[in-house]
Participant: 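One structure, as structure tokens, below. Some questions next.
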Amino acid sequence: MRIDPWASEQYTDYARLRDEFGIEEFKADGLPNPQKLFRRGIVFGSRGFETIQNAIDRKQDFIILTGLMPSGNMHIGHKMLIDQVIYYQSIGAEIYIAVADIESWGARNLPLEEAREVAIQQYVVSYIAMGLKPENCQIYFQSKRKSVLDLSYKLGRKINLSEMRAIYGFDEGTNMAHAFAPLVQVGDITHPQLDEYSGPHPLLVPVGVDQDPHMRLTRGLTAAHRYFNVTKTKDERIGVFVKLDDNVDKLLDDAESKLTTMGFSDFEKIYAYKALYVNDAGEVDIPFMDNTLLEVEREHGGYGFYLPASTYHRFMTGLTGGKMSSSDPDSSIFLTDEPEVGKQKSMNAKTGGRVSQEEQRKFGGRPDECVVFELYLYHLTEDDNELTEIYETCKGGSRMCGPCKRNAADLMANFLKELQEKRENAKEMVDEYIVNN
Ligand code: TRP
Ligand code: SF4
């Protein structure tokens, strides 16, 4: 199986995705006051989250970076991502949001100026209306940020064409702007750790699982540029190996003194093997040793980037049962839909109800196959008890689709009405968020 970030496929077998791609199960237990998407398992997977959890536990600064594809209207499925960003902002994270205008040019043929307009009117204004704060937050355009593009070229040095094809399935006909877009995303994800931005920090990229290929690429390239490789060796020891050919002895000496500050003391250093064995370290220590050694790497002129972490959320089913997509207005509710339109669309959504009320009472409804239930689950109720109640009464046969839908449709109309009122004020605040370089 291959995940194609640009295909209109819906990936729904989350357990298989985890197994096949080594995505870890995401546990929200360690988050302070987790937001509903976390509590309800909608954020289902992660890579490298322990670095972020550690920062949260120790009250250390961390960065959230994510991006938006400005190629269509923002719909309620896209809202999930910004809900998470706003949550992380509320617990103190610094926020970077990339507008993927280079990607939308390469992969969707959208001119940069149009991308800018769509990004602002459809996304940024709604983000502000939803509660994103301007403090410690910047929204930038890929095409305007030189450091992002520089990193694309520089980090791209360590991946070749055939590896890119293996990840993305590019073929002879792929245009080069498209082929280059993933590297621009690598630049997006890594650049906040440059000194001219926030400097080295744990960094998390919350995204939909379709973006996992880009995360694998970015984590791979970040790791490839490391000076040290910390791993468990065949004889079950934890070894620190220098990956460069120059300055090896000094790198090993510096690594040893740095690891001493972490509390390790049982070392064996073999210059000829470019190796430092740390006998009192265990496998669980590896990510933390890695992060500590980044300081040595920087002292020696390397990037010293923390490996970016990621989390993955599920996708909402489209209202008509397929994928929710900006290009199919019936499948999605746009945040700029008139409240009445949003209400109608909710009324037309596919349910998990039975053919008649009688059968519904007898066999119960099927909330697991019901898009209306998904609307409640993802958006319409904050209250977990209420959600459970909807689920149970549906399954138990005492809840009927008519009133259940009408209730959802009213909540949706209200949500749109309130959001759109807020959007009016938000329009004047856009400049507080956007950085033009
Ligand atoms: N590729 C993303 C999308 O299609 C947009 C994006 C660009 C992005 N840069 C990013 C997402 C950095 C996360 C991080 O939606
Ligand atoms: Fe869906 Fe509500 Fe009908 Fe249950 S009662 S199937 S949740 S619409």
Side-chain angles (χ1 to χ4, degrees), residues 3-7 63-72 74 77-78 81-82 84-85 95-108 110 115 119 123 139-143 145 148 152 168 178 181-192 203-215 217-218 308-312 315 317 319 326 346-355 357 359-361 363-377 380-381 387-409:
I3 298 178
D4 180 347
W6 302 283
I63 297 172
I64 295 292
L65 178 134
T66 191
L68 66 96
M69 178 78 151
S71 67
M74 181 172 173
H78 296 127
L81 181 62
I82 201 68
Q84 295 169 57
V85 170
I95 311 294
Y96 284 76
I97 300 174
V99 177
D101 58 349
I102 294 206
E103 182 180 359
S104 58
W105 171 237
R108 309 254 193 257
L110 190 76
Y123 290 82
I139 302 176
Y140 71 92
F141 295 83
Q142 288 179 325
S143 65
R145 188 155 279 194
V148 165
S152 314
Y168 295 104
H178 185 173
L183 289 171
V184 181
Q185 187 152 338
V186 170
D188 284 330
I189 297 171
T190 47
H191 89 282
L203 180 146
L204 172 68
V205 186
V207 271
V209 71
D210 62 313
Q211 297 294 303
D212 186 51
H214 301 316
M215 287 314 304
L217 175 68
T218 310
S310 51
T311 57
Y312 305 103
F315 289 110
T317 312
L319 300 174
S326 302
S346 309
M347 287 304 290
N348 294 338
K350 184 173 163 278
T351 73
R354 305 282 173 179
V355 290
Q357 293 203 2
E359 289 213 0
Q360 180 102 340
R361 268 190 280 277
F363 303 113
R366 286 160 297 195
D368 297 306
E369 295 163 36
C370 176
V371 182
V372 177
F373 183 74
E374 278 189 49
L375 292 176
Y376 287 111
L377 171 71
L380 297 178
T381 175
L387 189 73
T388 310
E389 154 105 17
I390 295 172
Y391 188 87
E392 297 297 341
T393 52
C394 171
K395 262 201 126 118
S398 61
R399 192 176 181 89
M400 296 295 130
C401 292
C404 181
K405 261 190 181 187
R406 271 194 295 280
N407 183 41

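When a residue number appears, it is its place in the shown sequence, counting from 1. Scope of the values below: all heavy atoms of this structure, side chains included, with no hydrogens, waters or symmetry mates. For ligands, and for the atoms within them, numbers begin at 1 and follow the listed sequence.
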Participant: Does any N/O atom on T66 come nearer than 3.5 Å to any N/O atom on ligand 1?
Facilitator: no
Participant: How far is atom 15 (O) of ligand 1 from its nearest protein heavy atom, and which residue and atom is that?
Facilitator: M69 CB, 3.7 Å
Participant: Identify the residue among I97, L81, D101 that makes a side chain to side chain contact (heavy atoms under 4.5 Å, CB included) with L68.
Facilitator: I97
Participant: Measure the spacing between CE of M215 and CD of Q185 and express it to the nearest 0.5 Å.
Facilitator: 8.0 Å
Participant: Determine whether the side chains of D210 and Y312 contain a donor N or O and an acceptor N or O closer than 3.5 Å.
Facilitator: no
Participant: Which atom names give the shortest non-hydrogen contact between C401 and Q360, and what distance separates them?
Facilitator: SG-NE2, 3.6 Å
Participant: If you measure from each heavy atom of Q360 to ligand 2, is any distance below 4.0 Å?
Facilitator: yes
Participant: Within a strict 4.5 Å, meaning less than it, do heavy atoms of the V205 and Q211 side chains meet?
Facilitator: no
Participant: Short check: any N/O/S atom of C404 below 2.8 Å from atom 2 (Fe) of ligand 2?
Facilitator: yes
Participant: Which of the numbered atoms in ligand 2 are below 4.0 angstrom from a heavy atom of G352?
Facilitator: 6 (S)
Participant: Give the atom numbers and elements of ligand 1 that come within less than 4.0 Å of a heavy atom of A100.
Facilitator: 5 (C), 7 (C)
Participant: Would you say P367 contacts ligand 2, with heavy atoms under 4.0 Å as the rule?
Facilitator: no
Participant: What are the atoms of ligand 1, with element, lying closer than 4.0 Å to any heavy atom of Q142?
Facilitator: 7 (C), 9 (N)
Participant: Kindly compute the distance separating CD1 (I390) from CG (N407), expressed to the nearest 0.5 Å.
Facilitator: 7.0 Å
Participant: Looking only at protein heavy atoms, which one is nearest to atom 6 (C) of ligand 1, and how far off is it?
Facilitator: Q185 OE1, 3.5 Å
Participant: Is there a side-chain contact between K350 and T317, using heavy atoms and a 4.5 Å cut-off?
Facilitator: no
Participant: Please round to the nearest 0.5 Å and tell me the distance separating atom CD of E103 and atom CE of M69.
Facilitator: 4.0 Å
Participant: Among all protein heavy atoms, pick the one closest to atom 4 (Fe) of ligand 2 and tell me residue, atom and distance.
Facilitator: C394 SG, 2.3 Å
Participant: Which residue holds the protein heavy atom closest to atom 9 (N) of ligand 1, what is that atom called, and what is the gap in Å?
Facilitator: D188 OD2, 2.7 Å
Participant: To the nearest 0.5 angstrom, please state how far the SG atom of C370 sits from the NZ atom of K405.
Facilitator: 8.0 Å
Participant: State the atoms of ligand 2, each with its element, that fall below the 4.0 Å cut-off from a heavy-atom position in C401.
Facilitator: 3 (Fe), 5 (S), 6 (S), 8 (S)
Participant: For the residue pair R399 and P367, establish whether any side-chain heavy-atom pair is separated by less than 4.5 Å.
Facilitator: no
Participant: For ligand 1, which atoms have a heavy atom of V205 less than 4.0 angstrom away?
Facilitator: 13 (C), 14 (C)
Participant: Just to confirm my output: which protein heavy-atom neighbour is closest to atom 13 (C) of ligand 1, and how far is it?
Facilitator: G67 N, 3.4 Å
Participant: Short N/O distance, under 3.5 Å, between E103 and ligand 1?
Facilitator: yes
Participant: Is the shortest distance from a Lys or Arg side-chain nitrogen in K395 or D368 to a carboxylate oxygen in the other one below 4.0 Å?
Facilitator: yes
Participant: Which residue holds the protein heavy atom closest to atom 14 (C) of ligand 1, what is that atom called, and what is the gap in Å?
Facilitator: L65 CD2, 3.5 Å
Participant: Look at the N, O or S atoms of C370, main chain and side chain alike, and state whether any lies under 2.8 Å from atom 1 (Fe) of ligand 2.
Facilitator: yes
Participant: Considering heavy atoms of the protein only, find what lies nearest to atom 2 (C) of ligand 1 and give residue, atom and distance to 0.1 Å.
Facilitator: Q211 OE1, 3.1 Å
